[in-house]
Each structure stands twice: as structure tokens, then as C-alpha cells.
Amino acid sequence: MPPTLKQLMDAPTPASAWVLEQDCADSGLEQEAVQEAMRGRIREMRGSIERGLASDAKSITGMVGWNAKGLWDAPDALQSPLLKRVQAYAMAVNEENARMGRIVAAPTAGSAGTIPGALIGVADHLGLSDEQLVMPMVLAAGVGQAISRQMFISGAAGGCQAEIGSSAAMAAAAVTELLGGSSRACVHAASMALMNTIGLVCDPVGGFVEVPCVSRNAFFAVHAVSAAQLALAHLESFIPPDEVVTAMAQVGRMMPLELRETAEGGLAQTPTGLRVTAAMAERKP
Amino acid sequence: MSLLDMIGPVMIGPSSSHTAGACRIGMVARALLGSPPTYAAIGLHASFAKTGKGHGTHLALVAGLLGFAPDDARLPQAMQEAQAAGLEVAFQDVDLGDVHPNTAQLTVTAQDGSQIVMTASSTGGGVIDVIRVNGFRVSFSGGAPTLLLRYPDHLGVIARVATLIAADGVNIAALGCTREKRGGAALLVIELDSPLSDAALAFFGGWREVEWLRMLPSVMSSPEQGDGHGVPVTVGTTA
């Protein structure tokens, strides 16, 4: 069984070392092998970011494809380079995804931009190395495992909260650890990120992982960084983290099928959404 | 779900459950068949049926049937690849009842006429759950090397199988057995910490009781294999 968030919270700092130790004891894998695989995944994430920032090629439907590059090349209106970087990186990954490009699911493909956007975005902003991201990435995975104890991590099972909520929670913990937060602070960051994502529905236009998925990754990468900021200042989630997950799972079960990745509700059922769906039905698989 | 499946797999977009998971379902079906498929009838349930086209689910299932892993760059061209490989595919929407919304049922046939019927769900993040094989209710993820063995139910078979696996130096992670009825056909599904040796498989294959045998490789991410290695190797016999 994966750990609970309470166990993670009570683990010695850094929590990632405990996650790695526990998981390798269970899987029989060498810790170094898992770390090496994570290094590979960070390289893959960088590759997706670089391709995504450089390309304005349209996705399968033409609904997205130019957003990351558009933001990246635009003047920094808010004079907030961290914000711009995090948003651009996150969308770069998800636009690569929408083009059937190569990405790292984290934890899913639809939410693949959140963790690289937040973690690699913060690291680049502060001039930190990729090697410093390896253990925070392990912690992100551990937080995902803890969430998956109670909940399938898929939009079809629990709405977007299960996907983007999980990715934001994972990213929040990772950023908190990267910036020296305690195990307790990391898990509270995750919990606050999750608490403020509960109820989010999965209503992709035409059934594609494009709208609102691409911009949603930009928003929730920033959401993760916000959670880390609060946790690093020792703010905490009033509801204990595992209870927040229980609440999310409950809301997921209450969510009607129409709002769980079937494209039968929400944005997917707007006149524009229906037009895209009709156009798509004309195409061959 | 391992740490490497939580941050991973490395995959061709756009959806971990509808693309990477679907690809792995196809990979398991190919491994169960034990030889290259020539015809596949694929039933898509609920979310797979409703939004599959937009997620490349059809392409991914076919890619998996061809033995491509989720990160294989050929995935978007799976239909052309299938044509080149002599695999014909037919899709239809089906209602499989109270199962996960991302579920597919595959009836896959090989050149020699052998056939398997498999139902599997993609439960999120690229993780799958195989729930039916040839009419037997099962539950395995393809995350470990998995031995499947069909035999006529009788006393002591499971004990002998377990003893032989131990003698091969392999540890059992999980074991499930279902049978049609007492004394009827039984299917044993054993998830292992490592694959059995060729010698052990040959020995099982030679057993009079064994009607059908498959040793499935893991289709999930691992540091050694990456993100579900290419064309799965299978060993099997069919009575």
C-alpha cells in the first residue's frame, strides 16, 4: 500500500528520502535506478518545454497550439517573470501533448504541464540545477501515490479535480521541498492545493485534451506555486490532508457522468463546443 | 502505482488513460494471443466510446496490438502501420455494464485461427486493470510479469504450480484463481516479481493438465525497461 499523507507529513525532512526508501523496499528496485529514471523524466519534460515554446503548430483540431509560444514571445506586461515562465512552460508541455507529441504523464497526460511548469519554472527562475529537482520529483510521485489510495486519478472517474488537483498537489509539495520546506510544510502545500481544486469538472470540448486543458495547466501550475508560498510561510490546511482527499473522492463520486470526461456537459455542450464535436465526427479515427 | 508511473510514463499524447493506457491494453492483448494478430474486433465502452476519437484511443489500441509501447513515435500512424502489418481492425460502441468508464473489450484473432477475448479498463495515469480473459473474471495490471494458466480444476494443481515457481527461484506477488464450476475449466493468474525461466515455462507447457499457458511481460514503466518495452515476448502453448 502507498503511504498516507499523514505518514508523509510525519516523515523526517526531506520527505522525498522517506518516499524513495519506502517505495524501493516495496518494489525491490535500487534507489539509484529510480533516481536515474527520474533524471530521464526531467530531461523529457525539458524536451517537451523546449519544443512547445518554439512551436506554434496547431493541434489535431486546431483549437490550440500557439498559446505557449504566444505568451513566451509577448512582452511581460505584469513584469512578473516567474508567473510568465510558469504559465508558458505548463502550456508548452500541454500543447506538445495536444499535437500528439512526446510528454511525461504527471500524473496524467492532460495534467502533464502542471508539474514541469511549477517545478522547472521555479528552478529556472531561481537558477537552480536539474539535479536539485530529482528528489522533489520523487516526492511529487509519493504525494500522487498517497492520493491514489482513495481515488482513481482520471477525469473519467473523478472529474478534473482528480487530474489537475492531483498534479497541482504533487507540484506544490515538490516546489515546497525544493525551497527547503519541511515534510509537514510539503504535505500542507499539497493539501491546500487540493482543497482549492475540489469540484472542478472535466468537460473537454469535443472530447479533446485541448480546451480548457491547455490553459488549465497554466492556471494550476501557478496554483501550485501559490500553495507552496503559503506553506513555506507556515500556513497550513485546516482540514487534515487525508480528509481533504476523502472529500475530493466523495465529490468525484457525486459528480454526474456528464461532467466526467464524456463531453456531455459544461464547455463541451456550448454551441461552439458542439460545433467542434460535430466537425470531429466527420473525421476518421 | 509505482513512482515511475506517477511521474510517467513518457508517452505520445494526448491522454494517459485514453492513449497510454489504451496502448497498454493492446499490448496485453497481443501478449495474451501469443502471436501477431491478424484481426481485432474492439468494443469501446462509455468514455472510451464517447471521447475516444478525440484522444487517439483507436490509434493507441491498435498500436498496442502491433506491439508498440506508449512512447513509440509510430503511434499516431498506427492505422497505416496495421495495414502494412496485415492487421484488420473493426470498432464498435458497446455497453459493458457496471465497469470503469474507460473500458474496452478486444476479440483478437491470429493467422492460425487462435483467438482471445479480453476486457480491460484504463483507470488513470496509464494504469490498466485487466478484468476478463476468455470469459474468466480476473484482475491484474500488467505491472508485473504475469503467468496465466488454464487447466481442468482438480485437487493440488495450485500447490504444485506454486512449488515449481518457488523452485525456479521466483517470488509470487499476487495469485488469483477462478473456475467455471467445480471440476470445470479453471484459470490461474499469478503475478511474479520476475519472469519464469524458459526451462520452467517449457516444463509447465509439457504438463498434461495445462490447456493454455501465457507468460506476459510487464507493460508498465520500470527503470530497466523504460515505459513499457516494445513488442512483448510471450511464451505459450495451446492445447
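To find a chain, count down the sequence lines: A is the first, B the second, and so on, and within it residues start at 1.
- For B:P9, the parts sitting under 4.5 Å from any heavy atom of chain A are the backbone and the side chain alike.
- Listed for the A:R102 side chain is no donor-acceptor partner under 3.5 Å among the backbone atoms of B:A73.
- Under the salt bridge (charged side-chain N to carboxylate O under 4.0 Å, His left out) test applied with B:K50, the options A:E264, A:E261, A:E258 reduce to a single match, A:E264.
- Counting only distance, with no hydrogens or angles, the side chain of A:S154 and the backbone of B:G124 share no donor-acceptor pair below 3.5 Å.
- Among the residues in residues 159-169 of chain A, none has a non-hydrogen atom closer than 4.5 angstrom to a non-hydrogen atom of chain B.
- By the neighbour-count criterion of 12 heavy atoms within 6.0 Å, atom CD of A:E30 is sparsely surrounded, having that number or fewer from other residues, nucleotides or ligands.
- Looking at A:I153 and B:M6, their side chains come closer than 4.5 Å, going by heavy atoms from C-beta outward.
- The minimum heavy-atom distance between B:S16 and A:P107, with the atom names listed, is OG-O, 4.4 Å.
- The main-chain N or O of B:G13 is never found under 3.5 Å from a side-chain atom of A:R99 such that the two would form a donor-acceptor pair.
- Only the side chain of B:S17 comes within contact range of chain A, with heavy atoms under 4.5 Å apart.
- Proximity to chain B (any heavy atom under 4.5 Å) is shown, for A:V143, by neither the backbone nor the side chain.
- Residues A:V209 and B:H18 fail the side-chain proximity criterion, which asks for heavy atoms closer than 4.5 Å.
- Enclosure of atom CD in B:Q111 is not indicated, since only 12 or fewer non-hydrogen atoms of other residues, nucleotides or ligands lie within 6.0 angstrom.
- Taking 4.5 Å as the limit, every side-chain heavy atom of B:P14 sits out of range of all side-chain heavy atoms of A:E210.
- In terms of modelled atom types and a separation under 3.5 Å, the side chain of B:H55 and the main chain of A:F208 share no donor-acceptor contact.
- B:I7 is listed as a side-chain neighbour of A:M170, based on a closest heavy-atom distance under 4.5 Å.
- At a 4.5 Å heavy-atom cutoff, A:S27 makes no contact with chain B through either its backbone or its side chain.
- Counted within 6.0 Å of CD on A:E36, heavy atoms from surrounding residues, nucleotides or ligands total more than 12; the atom is thus considered enclosed.
- Taking 4.5 Å as the limit, every side-chain heavy atom of B:L3 sits out of range of all side-chain heavy atoms of A:L29.
- Among B:S2, B:G125, B:G8, B:G126, the residue with the largest count of heavy-atom pairs under 4.5 Å with chain A is B:G8.
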